[in-house]
Amino acid sequence: MPFQCNAGPAATFQYNRRPPPAPRRPRPRYNWNWNWNWKRSLRCLPHCSSFVCSVCLFLPKDTARREILPLPPRAHTVYVTDDAALVLVEWRGLSGGSIRPFGSQPLRRVFKMVHHITDEAAANEPSITTQTHSCDPSPAPHVYKVGYPPQRNLATEFTETLRETFFHDNPLRQYKGQPGLTRFMMGLQFLFPVVGWVRNYSFNKFKSDLIAGLTIASLCIPQDIGYSKLANLEPQYGLYSSFVPPLIYAAMGSSRDIAIGPVAVVSLLIGSLLQNEVDHVKNKEEYMRLAFTATFFAGITQAALGFLRLGFLIEFLSHAAIVGFMGGAAITIALQQLKYVLGIANFTRKTDIVSVMKSVWSSVHHGWNWQTIVIGTSFLAFLLLAKYIGKKNKKLFWVPAIAPIISVILATFFVYITRADKQGVQIVKFIEKGINPSSAHKIFFTGPFVLKGFKIGVVCGIVGLTEAVAIGRTFAAIKDYQLDGNKEMVALGTMNIVGSMTSCYVTTGSFSRSAVNFMAGCKTPVSNVVMSLVVLLTLLVITPLFKYTPNAILGSIIISAVVSLVDYEAAILIWKVDKLDFIACMGAFFGVVFVSVEIGLLIAVGISFAKILLQVTRPRTSLLGNLPGTTIYRNTSQYPEAKLVPGVVIVRVDSAIYFSNSNYVRERILRWLTDEEDKAKAAGLTKINFLIVEMSPVIDIDTSGIHSLEDLYKNLQKREIQLILSNPGSIVIEKLQASKLTEHIGSSNIFLAVSDAVRFCKTKSMQEP
């Protein structure tokens, strides 16, 4: 006859001698050892208003096995052994912990426990059938509370903040535990990396560096002569700038691949800025002195940024702005070379495209020289073809590297034998012979030109620094070695300080030469030393041979060199990735092309700052929903399948909360809440009773942000909505605790995870009438 137990109105147990149906697939069969203590093996875990039951069965090898098998919410048949049935009956007697008496709460789901036994036991085994309601079978997880960081005194907090700001890479860790002499040698190696790599230098490395040095020397000599014209300086100053600075960098620089020398963009920039202050034709001496002064302050700026570890300041010039600025500068430089390629004597000093094109077309009938045009265009085509060959076949990298010097030799020989200079072809005429003279006495340290030189030097120094660090990091990533940005700044600054005292103007890493240096297989900075020695030989011996070198070939070399600076592929990628970045890119590009180089640079910096301010003052917020079958909550815009929790609004703030955005964050959260209340009311859903603010991305908060949260809390109280915070970081929770906002909100309303907060909201909603 049926056996009944006081387990609620829906539970009825009855014995049935019929064996269970055979499963579709054969299951493993075990001989169970039922000598186990059921009071220890049977556990009932509370989850909301339901229970989850699990039974530990012992295998023949004394291995425990636990099975919790939740079934759909409908009546099911449970097959157990006689012993297990007795256990269910005796469940009433369990006590202790959070387990309720058996009869006080009915089970709302059936749990199926299948015991694999022998055929003989299965044939004689009884079955028990029970019908109940359903509930969530998952056990209640342990809920962690949000941790409060230990209190720190002001000195400790200030020291840690200072360390993270300026010494995040912990540069002194390698000196710990080292004897005095070792520390001295390590410090010397830090300032002069040559001390480290020279000990492992070998003849095989020297052969690679020798080839690379000779290759970039053949490229740099004609480029230096042309770039000095961009800066409105005599040709020898370009060669001077490729002699001393590379030697300084070889001793202090940490990049193995950067080739040092004048570059097109900085040459154009310093020439344009100097021309605005002093006329290079009427006041040649003052112009040259101001150039050395600007170079000195450019070096001071670079070295100071490195020593003070302020290199992060150059990051404010975004990649998109640099791409646009470089592209615009390349177009401007190429347009400036038209006066050499076309043989125009009277050319505008303005750099914008409108003025340049007006100057070009106004002199088309009487200013162009056909012999110059033939020389310029033919060799330009040759240089572009050589560059195309080197790009298509990496093994022929040397073709575009030696093409400029070959062009100079052929063009010079052609002008010399034809005496084309007498037919209107403009030539270099004279390059002063000899090594760099001292220029320390020519630097302005007093007078009105000091401030002008300082302003020009800071601008040129930062632009040159940005280009060099970007080039160095690119090749360091390819060769898989670390590049210390602050150390690079010190090296670049030192070489420009020394260069300003040895008749050099601002130098930095050249991308075209560095690429050739890399392709030629350089191993160490010795390739810069080889290039410097070749330039020295040129200054001592070969400079008179450049007398008949036509300006047209120098213009063609510069045009072919700056073509690669127009990175249209990067611009297309920027458009696809970030439209705001594309606006910055195009703003810098058109500013340089249509106005001037300095205006384009100002636009680039301004748009970069505007983007930062926009992201800081208008941070993103998102509405979160639950991904079905998980306890994960994600942005409903990114995951449309995420389900909103009835009666709960979950909003995530994706930024720090500062004075600049605190009001916006509060208003945006309230707007999310109002929108969801309107939707719930229109659909007849549960009233919104809880607002959960997910604060994982909130890395910091200031007093304005705390006041904003207080205002939000008061606003929600008036609307009878509970504010709940989820996963505030250590800095945030520390400040909330110091402001006593945690006492107003309540520590019980601050959770470590959104899932914990949602579970709390559901429980509280069920408890309310």
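For the numbers below, each heavy atom of this structure counts, side chains included, while hydrogens, waters and symmetry mates do not.
No donor-acceptor contact under 3.5 angstrom links the side chains of Thr295 and Ser500, judged on distance only. Between the side chains of Tyr505 and Ser267, at least one donor-acceptor pair of N or O atoms lies under 3.5 Å. A donor and an acceptor atom, one from each side chain of Asn517 and Ser527, are located under 3.5 Å apart.
Scanning both residues, Thr538 and Phe546, for their nearest heavy atoms gives CG2-CE1, 3.8 Å. Of all heavy-atom pairs spanning Ser242 and Arg513, the tightest one is OG-NH1, 3.6 Å. Nearest heavy atoms, Pro400 versus Leu219: O-CD1, 4.4 Å. Of all heavy-atom pairs between Pro262 and Tyr227, the closest is O-CD1, 3.4 Å. Between Ala571 and Val323, the shortest heavy-atom contact is N-CG1, 4.5 Å. Among all heavy-atom pairs drawn from Val244 and Cys504, the shortest one is CB-SG, 4.4 Å.
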Could you go through the side chain to side chain contact (heavy atoms under 4.5 Å, CB included) check for Ile344 and Trp368 one step at a time?
-> CA-CA 5 Å; Ile344 302 174; Trp368 293 15; 3.7 Å; yes
Should Tyr240 and Phe243 be marked as a ring-ring contact (aromatic ring centres under 6.0 Å, His included) after you check the CA-CA gap, both sets of side-chain angles, and the distance that decides it?
-> CA-CA 5 Å; Tyr240 292 161; Phe243 170 48; 8.6 Å; no
Residues Asp209, Arg256; criterion salt bridge (Lys or Arg N to Asp or Glu O under 4.0 Å); working and verdict = CA-CA 10 Å; Asp209 290 334; Arg256 309 169 191 168; over 6 Å; no
Show your working on salt bridge (Lys or Arg N to Asp or Glu O under 4.0 Å) between Arg349 and Asp279 and close with a plain yes or no.
-> CA-CA 10 Å; Arg349 294 181 181 178; Asp279 191 299; 2.4 Å; yes
So Asn551 and Lys229, side chain to side chain contact (heavy atoms under 4.5 Å, CB included) or not? Walk me through it.
-> CA-CA 10 Å; Asn551 289 336; Lys229 290 185 173 294; 3.3 Å; yes
Decide yes or no on side chain to side chain contact (heavy atoms under 4.5 Å, CB included) for Leu483 and Val469, but give the supporting numbers first.
-> CA-CA 9 Å; Leu483 187 72; Val469 172; 5.5 Å; no
Show the numbers, then the answer: is there a side chain to side chain contact (heavy atoms under 4.5 Å, CB included) between Ile572 and Lys576?
-> CA-CA 6 Å; Ile572 294 174; Lys576 293 179 179 179; 3.8 Å; yes
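Within the model, atoms OG of Ser255 and NZ of Lys479 stand 8.5 Å from one another, a figure rounded to the nearest 0.5 Å. In this structure, CE in Met531 is found 7.5 Å from CD1 in Ile260, a value given to the nearest 0.5 Å. A distance of 11.5 Å separates CG in Leu384 from NZ in Lys391, rounded to the nearest 0.5 Å. A distance of 12.5 Å separates NZ of Lys433 from CD1 of Ile431, quoted to the nearest 0.5 Å. To the nearest 0.5 angstrom, Ile225 atom CD1 is 13.5 Å from Leu233 atom CG. Atoms CG and CD1, on Asp567 and Ile322 in that order, are 12.0 Å from each other to the nearest 0.5 Å.
Looking at Ser532, its side chain never comes within 3.5 Å of a backbone N or O of Asn528 through a donor-acceptor pair. Panel note: side chain Asn369, backbone Gln423; a donor-acceptor pair is recorded below 3.5 Å. A donor-acceptor contact shorter than 3.5 Å is absent between the side chain of Glu432 and the backbone of Gln236. Side-chain N or O atoms of Ser359 include none that pairs as donor or acceptor with a backbone N or O of Val356 at under 3.5 Å. With hydrogens and angles disregarded, no donor-acceptor distance shorter than 3.5 Å links the side chain of Asp581 to the backbone of Ala320. Checking side-chain atoms of Ser218 against main-chain N and O of Ala401 turns up a donor-acceptor pair under 3.5 Å. Judged by distance alone, with hydrogens and angles left aside, the side-chain atoms of Ser556 form a donor-acceptor pair with the main-chain N or O of Gly376 at under 3.5 Å. A side-chain donor-acceptor contact under 3.5 Å links Ser439 to the backbone of Ser503. For Glu598 (side chain) and Leu273 (main-chain N/O), no donor-acceptor pair under 3.5 Å exists by modelled atom type.
Residue Asn346 places its CG atom among 12 or fewer non-hydrogen atoms of other residues, nucleotides or ligands, all under 6.0 Å distant. Within 6.0 Å of OH on Tyr481 lie more than 12 heavy atoms contributed by other residues, nucleotides or ligands. The number of heavy-atom neighbours closer than 6.0 Å to CH2 of Trp398, taken from other residues, nucleotides and ligands shown, is 12 or below. Within a 6.0 Å sphere centred on NZ of Lys387, other residues, nucleotides and ligands contribute more than 12 heavy atoms. Surrounding CZ of Phe397 are more than 12 heavy atoms belonging to other residues, nucleotides or ligands, all under 6.0 Å away. Around the CZ atom of Phe445, the shell of radius 6.0 Å holds more than 12 heavy atoms that belong to other residues, nucleotides or ligands. Within 6.0 Å of atom CZ in Phe382, more than 12 heavy atoms from other residues, nucleotides or ligands are found, so the atom counts as buried in its surroundings. Atom CZ of Phe511 has 12 or fewer heavy atoms from other residues, nucleotides or ligands within 6.0 Å.
A ring-centre distance under 6.0 Å is not found for Phe444 and Phe296.
Salt bridge Lys284/Glu234: present, at least one basic N to carboxylate O contact under 4.0 Å. The pair Asp352-Lys358 does not count as a salt bridge, with every side-chain nitrogen at least 4.0 angstrom from each carboxylate oxygen. Of the charged side-chain nitrogens involved, at least one lies within less than 4.0 Å of a carboxylate oxygen, so that Lys611 and Asp578 count as a salt-bridged pair. Between Arg419 and Asp421, at least one side-chain nitrogen of the basic residue sits less than 4.0 Å from a carboxylate oxygen of the acidic one, meeting the salt-bridge criterion.
Between Trp575 and Phe582, the ring-plane angle classifies as perpendicular under the 30° and 60° cut-offs. Between Phe594 and Phe590, the two ring planes are tilted [angle within 30° to 60°].
Between Phe414 and Ile375, the closest side-chain pair of non-hydrogen atoms falls below 4.5 Å. By the 4.5 Å heavy-atom criterion applied to side chains, Ile542 and Leu545 are counted as neighbours. You'll find the side chain of Cys220 reaches within 4.5 Å of the side chain of Val535, heavy atoms only. Proximity of Met326 to Val265: side-chain heavy atoms (C-beta onward) are separated by under 4.5 Å at one or more points.
Checked against Thr494 for a side-chain contact (heavy atoms from CB on, under 4.5 Å), the options Val490, Asn496, Leu492 give a single hit: Val490. When the options Val597, Thr351, Leu268 are evaluated for a side-chain contact (heavy atoms from CB on, under 4.5 Å) with Ile333, the one that passes is Leu268. With respect to Pro550, the side-chain contact (heavy atoms from CB on, under 4.5 Å) criterion is satisfied by exactly one of Val408, Val428, Thr412, Val341: Thr412.
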